Amino acid sequence: MGSVKVVVVGAGVIGFSTAVCISEALPSCSVTLLSERFSPDTTSDGAAGILFAATFPDVPLERQRRWFKDSFDHLLAITQSQHSPEAGVMLSSGWQIFKEVPADTFPFWSEYVIGFRLMTDRELRQFPDHKFGQAFTTIKCECASYLPWLEKRFKKAGGQVQQKKVDNLQELSNSYDIIVNCSGLGSKLLVGDTQVYPVRGQVLKVEAPWLQHFIRDGDGKTYIYPGIHSVTVGGTRQEGDWRLEVDEGDTKSILERCGRLEPSISGAKVLSEWVGLRPSRRNPRVEREVVQLQGRQVPVVHNYGHGGWGVTLAWGTALDAMRLVRQCLSEKPARAKL
């Protein structure tokens, strides 16, 4: 038996995390990652990359907890290592604030971040339009650094990387034994998933080194996230909107909204503007199926549809995808080598 040929489609944070997990945990696999676009041209590259989560309606809460905890622990270990600056992973403290008290004042992820507590009245005074807030320390993962770092780690584990547009699964079936689909929004065409849709996000990077704490409005539309080299301010959540060009009206709105939360932002120099389409779905799809391709049964593992929570859940769902690949291996009939 030669090694089992696995292909991972997609080079965003989900694709590279999954490829690394498979190549490191399953040495019997020879893993190739294919993608039309790589960093800095992926959706993940513009993500603010701050870790906390929403709740998905149809995924068991235990599974969501595991995804979050596994991702948090993985990135926390990087913040505590010499790789932290190169990987673009850092601790970040700050506030999430709400105009009305949310239904869930202690969300499921609150026990995994560091030092989670409710904000005091004195802290809330700086946000007069908001009645309630949470203070905690979490992790910021900057994909413009993290993706090249993961790629290096993947290659070190023996992984191969190729730039290639994949139009359908048929074209992979002769070369690979197992297909892992991490194509995000591309899954709409690649596997005909009508449930995946874009949520347009526009953000700015500004120069504001005096800002040390993140601030996020609980509605998810307005946020200020200090990073290693700049501060990310945003944003927009425009469902079903495929526009990739910068909208000057959105830029103006972002600066006004962020200026209300943090007046000093008006003095910050805008370094860049960026637009990305979050690959959204009612629930992320992390599962396997067997597909008939060119007359043979090929196992396909899916890992996509994380919406705005890709960086937050990437490592946890990658570990799940790796376990699904392991199941495929254990059930695979040995192919006769002629």
Side-chain angles (χ1 to χ4, degrees), residues 3-35 38-39 42-44 47 49 51 53 59 62-81 83 86-89 112 139 141 143 145-162 172 176-184 187 279 284-289 299-306 309-332:
S3 66
V4 177
K5 291 184 172 162
V6 176
V7 63
V8 176
V9 181
V13 69
I14 305 296
F16 263 117
S17 299
T18 304
V20 169
C21 284
I22 295 167
S23 57
E24 290 183 351
L26 306 173
S28 63
C29 294
S30 143
V31 188
T32 303
L33 184 142
L34 303 180
S35 185
F38 287 84
S39 181
T42 74
T43 301
S44 302
L51 266 73
V59 179
E62 269 320 299
R63 193 179 193 199
Q64 298 188 57
R65 280 176 185 279
R66 190 175 72 238
W67 287 347
F68 187 89
K69 182 182 187 302
D70 285 347
S71 298
F72 196 89
D73 289 351
H74 158 74
L75 290 170
L76 185 63
I78 296 173
T79 70
Q80 295 164 344
S81 76
H83 302 294
E86 189 196 346
V89 182
Y112 304 117
I139 293 165
C141 173
C143 283
S145 301
Y146 183 60
L147 289 179
W149 183 81
L150 277 182
E151 181 172 350
K152 216 152 83 175
R153 183 167 159 178
F154 174 56
K155 287 175 174 169
K156 193 176 166 191
Q160 307 276 314
V161 171
Q162 285 176 34
L172 303 174
Y176 300 101
D177 303 308
I178 298 172
I179 298 170
V180 183
N181 168 32
C182 301
S183 63
S187 294
R285 187 179 184 195
V286 188
E287 63 185 23
R288 66 181 184 140
E289 62 174 339
V300 178
V301 171
H302 299 284
N303 185 11
Y304 67 88
H306 300 62
W309 311 103
V311 177
T312 291
L313 303 175
W315 199 258
T317 60
L319 287 170
D320 260 13
M322 177 274 292
R323 287 188 274 264
L324 294 172
V325 170
R326 185 186 276 148
Q327 281 175 22
C328 298
L329 295 177
S330 67
E331 294 165 15
K332 196 173 149 30

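Treat the numbers as computed from the prediction; the structure is a model and nothing was measured.
Of all the heavy atoms in Ala19 and Leu33, the pair that sits closest is CB-CD1, 3.8 Å. Nearest heavy-atom pair, Gly15 versus Val8, reported as atom, atom and distance to 0.1 Å: O-CG1, 3.6 Å. Minimum heavy-atom separation, Phe16 to Ala11: CD1-O, 3.5 Å.
Tested against Trp67, the residues Thr317, Thr312, Asp320 include a single side chain to side chain donor-acceptor pair (under 3.5 Å) partner, Asp320.
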Open item on the list: Between His74 and Asp70, is the side chain to side chain contact (heavy atoms under 4.5 Å, CB included) condition met? List the steps.
Closed with: CA-CA 6 Å; His74 158 74; Asp70 285 347; over 6 Å; no

TODO: For side chain to side chain contact (heavy atoms under 4.5 Å, CB included), just list the numbers for Val6 and Val180, CA-CA rounded to whole Å, side-chain angles, deciding distance to a tenth of an Å, and then say yes or no.
DONE: CA-CA 7 Å; Val6 176; Val180 183; 3.8 Å; yes

- [ ] Check the pair Ile139 / Phe72 against side chain to side chain contact (heavy atoms under 4.5 Å, CB included), numbers first and verdict last.
- [x] CA-CA 8 Å; Ile139 293 165; Phe72 196 89; 3.8 Å; yes

- [ ] Output, in order, the C-alpha distance, side-chain angles, deciding distance and verdict of side chain to side chain contact (heavy atoms under 4.5 Å, CB included) for Glu24 and Arg153.
- [x] CA-CA 9 Å; Glu24 290 183 351; Arg153 183 167 159 178; 2.8 Å; yes

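Going from atom CG of Leu147 over to atom OG of Ser17 covers 8.0 Å, rounded to the nearest 0.5 Å. With rounding to the nearest 0.5 angstrom, the CG atom of Asn181 is 9.0 Å from the CD atom of Glu289. From Ile179, atom CD1 reaches atom NE2 of His302 across 9.0 Å, with rounding to the nearest 0.5 Å. For the atom pair SG of Cys328 and CD1 of Ile178, the computed distance is 5.0 Å after rounding to the nearest 0.5 Å. Put simply, SG on Cys182 and CG on Leu34 are 11.5 Å apart, with the number rounded to the nearest 0.5 Å. Atom CG of residue Leu313 and atom CG of residue Leu319 lie 12.0 Å apart, to the nearest 0.5 angstrom.
Side-chain contact between Lys5 and Val31 is absent, with no heavy atoms from C-beta onward closer than 4.5 Å. Val9 places none of its side-chain heavy atoms less than 4.5 Å from the side chain of Ser35. The closest side-chain heavy-atom distance from Ile78 to Tyr146 is below 4.5 Å. For the pair Trp315/Leu150, a side-chain contact is recorded, criterion being any heavy-atom separation below 4.5 Å from C-beta on. Residues Leu51 and Val311 are in side-chain contact: their nearest non-hydrogen atoms beyond the backbone lie under 4.5 Å apart. Ser39 places a side-chain heavy atom less than 4.5 Å from the side chain of Pro148. Residues Gln162 and Thr32 meet the side-chain proximity criterion, which asks for heavy atoms closer than 4.5 Å. Between Asp177 and Cys29, every side-chain heavy-atom pair lies at or beyond the 4.5 Å cut-off.
Using modelled atom types, no side-chain atom of Thr42 and backbone atom of Gly12 make a donor-acceptor pair closer than 3.5 Å.
In summary, Glu331 and Arg288 engage in a salt bridge, as defined by a charged side-chain N under 4.0 Å from a carboxylate O.
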Do any side-chain atoms of residues 154-161 form donor-acceptor pairs under 3.5 angstrom with protein atoms, and if so which ones, sequence neighbours left out?
{"unit_1": "Lys155", "atom_1": "NZ", "unit_2": "Glu151", "atom_2": "OE2", "d": "3.1"}

